[in-house]
Amino acid sequence: MNQNKFELILNSLSETNNLGAKLGKSLIGGEVVELSGDLGSGKTTLVKSIVSASGSKEHVSSPTFVVSKEYKTPKFTIHHYDLYRLDDEGLIANELSDHYIDDNSVTIIEWGSNFSDVLPERRVIIKLSPISENARRVEITYPDNLEYLIKELRA
Ligand SMILES: Nc1ncnc2c1ncn2[C@@H]1O[C@H](COP(=O)(O)OP(=O)(O)OP(=O)(O)O)[C@@H](O)[C@H]1O
Ligand SMILES: [Mg+2]
């Protein structure tokens with residue numbers, strides 16, 4: 001699958017929220033989003049804005065200790081994973097692959113980079129890097145068939 005890449009700078013929390021809102025509105029179901037970046041780079045913050053823009057009123061918090069949480073939206077269920085504390089991918093591999101093939105599910109994964117064997121090729125990877133307290137560099141990698149998620153972000 002041909003992979004595309006682009007970069008943008010978010011100068012404030014509200015610009016991050018804006019990015020998440022655009023993404024949340026573009027999701028149709030069946031997508032997988034991998035969020036990478038160090039502790040405190042803004043992964044869970046981005047999930048909050050994605051979930052809320054998808055039409056869910058559910059509260060988003062970090063699933064670091066419970067591994068996964070889910071949020072119902074009018075269009076699909078968002079499965080939010082944090083694999084930071086996971087040491088055996090075997091425990092979630094089946095569960096994840098069930099979501100990937102389900103058009104009523106969107107899967108968002110924090111700290112997935114150690115488990116790329118269980119992540120699908122068809123996914124958007126968003127890498128957040130702090131450049132100051134409130135600014136972030138964002139690198140987005142995505143295959144051609146997820147271009148529809150990204151085109152709004154370029155505008
Ligand atoms: N532009 C920005 N984008 C995202 N977060 C920002 C920004 N500016 C400041 N922040 C702050 O940075 C913190 C990011 O924390 P968050 O929990 O989202 O990080 P995380 O990447 O999920 O960390 P962890 O790896 O521990 O799960 C929040 O307190 C947020 O308010
Ligand atoms: Mg987090």
Side-chain angles (χ1 to χ4, degrees), residues 3-27 29-73 76-93 95-100 102 105-120 122-142 146 149-155:
Q3 296 288 334
N4 308 282
K5 210 169 214 177
F6 83 105
E7 243 185 62
L8 48 95
I9 303 291
L10 304 170
N11 286 304
S12 63
L13 184 58
S14 64
E15 290 189 19
T16 299
N17 290 337
N18 199 14
L19 174 81
K22 286 178 180 169
L23 259 176
K25 285 180 190 135
S26 308
L27 292 166
E31 295 94 348
V32 178
V33 179
E34 176 186 351
L35 300 179
S36 83
D38 285 342
L39 288 167
S41 57
K43 301 179 294 298
T44 302
T45 300
L46 193 55
V47 177
K48 286 182 186 165
S49 53
I50 294 172
V51 168
S52 128
S54 304
S56 175
K57 296 201 162 40
E58 294 196 60
H59 176 71
V60 173
S61 59
S62 179
T64 309
F65 294 95
V66 292
V67 182
S68 77
K69 292 187 61 189
E70 55 178 63
Y71 317 110
K72 300 257 185 281
T73 83
F76 40 72
T77 299
I78 296 180
H79 299 273
H80 177 196
Y81 284 82
D82 184 330
L83 306 185
Y84 190 69
R85 292 178 170 272
L86 188 78
D87 9 74
D88 180 5
E89 66 193 33
L91 296 172
I92 54 148
E95 184 180 311
L96 282 175
S97 55
D98 285 349
H99 300 325
Y100 302 160
D102 178 4
S105 289
V106 167
T107 310
I108 307 180
I109 303 167
E110 298 187 42
W111 291 106
S113 58
N114 289 337
F115 301 98
S116 41
D117 308 359
V118 297
L119 303 181
R122 183 182 184 267
R123 70 186 190 281
V124 177
I125 304 172
I126 300 179
K127 181 170 183 218
L128 294 158
S129 318
I131 45 186
S132 71
E133 191 183 342
N134 295 309
R136 304 290 185 263
R137 177 187 313 283
V138 185
E139 284 170 60
I140 302 182
T141 310
Y142 62 97
L146 288 172
L149 281 183
I150 304 307
K151 60 176 197 276
E152 287 296 311
L153 308 183
R154 295 179 179 284

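The first residue in the sequence is number 1, and the count goes up from there. Just follow the structure's listing: the first ligand is 1, and inside any ligand the first atom is 1. Computed from a prediction, not measured in an experiment: that's the story for all the values here.
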Residue-level breakdown please: for Lys43 versus ligand 1, do any non-hydrogen atoms fall below 4.0 Å on the side chain, on the backbone, on both, or on neither? both
By the definition side-chain contact (heavy atoms from CB on, under 4.5 Å), identify the one residue from Val124, Thr45, Ile125, Val47 that meets it with Leu35. Val47
Does atom 16 (P) of ligand 1 have a protein non-hydrogen atom under 4.0 Å from it? yes
At under 4.0 Å between heavy atoms, what of Asp38 touches ligand 1? The answer is backbone
Protein heavy atom at shortest distance from atom 27 (O) of ligand 1: Glu110 OE1, 3.2 Å
Record the part of Glu15 in heavy-atom contact with ligand 1 below 4.0 Å; permitted values are side chain, backbone, both and neither. neither
Of the protein's non-hydrogen atoms, which lies at the shortest distance from atom 23 (O) of ligand 1, and what is that distance? Gly40 N, 2.9 Å
Would you please test Leu86 and Tyr81 for side chain to side chain contact (heavy atoms under 4.5 Å, CB included) and show each step? CA-CA 10 Å; Leu86 188 78; Tyr81 284 82; over 6 Å; no
Ligand 1 to Asn134 polar contact by distance, N or O atoms, under 3.5 Å: yes
Heavy-atom distances under 4.0 Å decide this one: backbone, side chain, both or neither, for Trp111 against ligand 1? side chain
Students should be able to answer this: which protein heavy-atom is nearest to atom 18 (O) of ligand 1, and at what distance? Thr45 OG1, 2.5 Å
With respect to the Mg ion (ligand 2), please indicate if Glu110 possesses an N, O or S atom at a distance under 2.8 Å. yes
Would you mind listing which atoms of ligand 1 come within a distance below 4.0 Å of any non-hydrogen atom of Glu133? 8 (N), 9 (C)
Under 2.8 Å from the Mg ion (ligand 2), is there an N/O/S atom belonging to Tyr84? no
If I apply the N/O under 3.5 Å rule, does Thr64 come out as touching ligand 1? no
Counting only nitrogen or oxygen atoms and a 3.5 angstrom limit, does Leu10 reach ligand 1? no
Looking at Glu7 and Lys5, is any side-chain nitrogen of the basic one under 4.0 Å from a carboxylate oxygen of the acidic one? no
Have a look at Leu35, Thr16, Leu46 and point out the one with the heavy atom closest to atom 2 (C) of ligand 1. Thr16
Tell me, please: is Gly37 in heavy-atom contact with ligand 1, that is, under 4.0 Å? no
I need the minimum non-hydrogen distance between Gly20 and Ala53, along with the two atoms involved. O-CB, 4.3 Å
Looking at Val118, Ile92, Asn114, which hits side-chain contact (heavy atoms from CB on, under 4.5 Å) with Leu83? Ile92
